[in-house]
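A quick write-up on the structure given underneath.
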Amino acid sequence: MNYYYRGMSSLDLMPGETALDPAADPFGAHRELFTNYCLALKSLCDGGFEFDVVDTCINPLSRIVGWPLRDLASASIDFTPDYEDAASYAANFAGSQLKHNLWIIVNTLPVKLYLTEEVRNDLTAEAKRPHRPVVLKVCSKSAVFTPTAFGDIVKLARPLKYGDIEEIIEL
């Protein structure tokens, strides 16, 4: 039997019968702030400002800032057929690559933007939550999935119930 996996923080699982819901907004009150911050950064890059963002690899800001903008524009919850990728994601990004990318930017940006401190404060509060990385294991034949344009990656098409999850693997 084949499976899809989702690496995340167990704190981001919903209470009740539903574990994950693609209609729920995980960024909620932060969405507008994060979007405006990324648009300001993109505007700077479009005007010629550039610096290298150093994380697990080095990428120019103009490339990095596109990732949070893409994530903020999409409400999808992705799953991969690769367990190791999901486990790495859960361990390295504390359940949110968007917040991780923003955290790296606000802490390395060599210029002060009016939104930097507000974004940093929101991310710092989030980072104080204890992170418990887990990988969700769901049968690939489950009706909750729909294909994406990203190869083997699938996304939730409807809410994922706890009963749909084969296993929650704690890391």
Side-chain angles (χ1 to χ4, degrees), residues 4-9 11-14 20-82 84-131 133 135-136 145-160:
Y4 286 119
Y5 303 92
R6 168 90 181 159
M8 60 185 296
S9 174
L11 298 176
D12 293 330
L13 291 169
M14 298 171 69
L20 295 172
D21 187 346
D25 186 356
F27 305 112
H30 308 284
R31 179 175 296 281
E32 184 177 356
L33 172 64
F34 291 169
T35 300
N36 288 339
Y37 186 67
C38 290
L39 290 172
L41 291 172
K42 184 177 180 331
S43 179
L44 281 174
C45 292
D46 290 347
F49 175 77
E50 193 61 83
F51 85 101
D52 286 335
V53 178
V54 179
D55 189 20
T56 55
C57 57
I58 299 172
N59 282 291
L61 176 63
S62 56
R63 181 170 182 206
I64 296 284
V65 77
W67 300 338
L69 282 169
R70 179 199 63 214
D71 292 344
L72 287 162
S74 170
S76 69
I77 299 174
D78 300 332
F79 282 72
T80 176
D82 189 322
E84 287 79 18
D85 281 351
S88 174
Y89 181 89
N92 294 320
F93 298 116
S96 175
Q97 187 169 3
L98 180 140
K99 291 178 184 175
H100 173 83
N101 287 337
L102 288 173
W103 181 255
I104 297 299
I105 292 169
V106 300
N107 287 298
T108 59
L109 191 65
V111 297
K112 193 86 154 164
L113 291 181
Y114 68 98
L115 289 174
T116 299
E117 284 308 310
E118 193 174 349
V119 171
R120 182 180 284 121
N121 291 341
D122 279 13
L123 294 171
T124 299
E126 179 72 21
K128 288 182 180 177
R129 292 183 345 155
H131 171 54
V135 174
L136 305 183
F145 296 120
T146 187
T148 69
F150 301 107
D152 292 338
I153 304 297
V154 295
K155 66 180 181 177
L156 283 182
R158 64 177 179 81
L160 177 69

Verdict with supporting geometry, Tyr5 and Phe79, ring pair (Phe, Tyr, Trp, His ring centres under 6.0 Å): CA-CA 5 Å; Tyr5 303 92; Phe79 282 72; 8.9 Å; no
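- Pairs passing the salt bridge (Lys or Arg N to Asp or Glu O under 4.0 Å) check and including a residue from residues 34-44, sequence neighbours excluded, read Lys42-Asp46.
- Just one of Leu160, Leu156, Asp21, Asp12 meets the side chain to side chain contact (heavy atoms under 4.5 Å, CB included) condition when paired with Ile77; it is Leu156.
- The two residues Ala157 and Pro22 make their nearest non-hydrogen contact at C-CG, 4.4 Å.
- The distance from atom CG of Asp122 to atom CD of Glu117, rounded to the nearest 0.5 Å, is 11.5 Å.
- Judged by distance alone, the side chain of His30 and the main-chain N or O of Thr35 form no donor-acceptor pair under 3.5 Å.
- From Arg120, atom CZ reaches atom CG of Leu102 across 12.0 Å, with rounding to the nearest 0.5 Å.
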Leu72/Leu98 under side-chain contact (heavy atoms from CB on, under 4.5 Å): CA gap, chis, key distance, verdict: CA-CA 8 Å; Leu72 287 162; Leu98 180 140; 3.4 Å; yes
Residues His131, Leu11; criterion side-chain contact (heavy atoms from CB on, under 4.5 Å); working and verdict: CA-CA 7 Å; His131 171 54; Leu11 298 176; 5.8 Å; no
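- The CD1 atom of Ile104 lies 12.5 Å from the CG atom of Leu109; values are rounded to the nearest 0.5 Å.
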From CA spacing to verdict: side-chain contact (heavy atoms from CB on, under 4.5 Å), Leu136, Tyr4: CA-CA 8 Å; Leu136 305 183; Tyr4 286 119; over 6 Å; no
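- No donor-acceptor pair under 3.5 Å is formed between the side chain of Ser88 and the backbone N or O of Glu84.
- Ring orientation note: the planes of Phe49 and Phe51 are tilted relative to one another, at an angle of 30° to 60°.
- Annotation: the span from Cys45 atom SG to Leu41 atom CG amounts to 6.5 Å, rounded to 0.5 Å.
- In this structure, Ala90 and Pro133 approach most closely via the heavy-atom pair O-CB, 3.7 Å.
- Distance CE/Met8 to CG/Leu20: 4.5 Å, rounded to 0.5 Å.
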Pair up each side-chain donor or acceptor in residues 58-67 with any protein partner under 3.5 Å, not counting sequence neighbours, and list the distances.
residue : atom : partner : partner atom : Å
Asn59   : OD1  : Arg63   : NH1          : 2.8
Ser62   : OG   : Glu50   : OE1          : 2.7

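- Listed by first and then second residue, the salt bridge (Lys or Arg N to Asp or Glu O under 4.0 Å) pairs that reach into residues 28-41 are Asp25-Arg31, sequence neighbours excluded.
- When side chains are defined from C-beta on, Val119 does not count as touching Trp103, because their heavy atoms never get closer than 4.5 Å.
- To the nearest 0.5 Å, atoms CG (Asp78) and OH (Tyr89) are separated by 8.0 Å.
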Val154 and Thr146: CA distance, side-chain angles, deciding distance, side-chain contact (heavy atoms from CB on, under 4.5 Å) verdict: CA-CA 6 Å; Val154 295; Thr146 187; over 6 Å; no
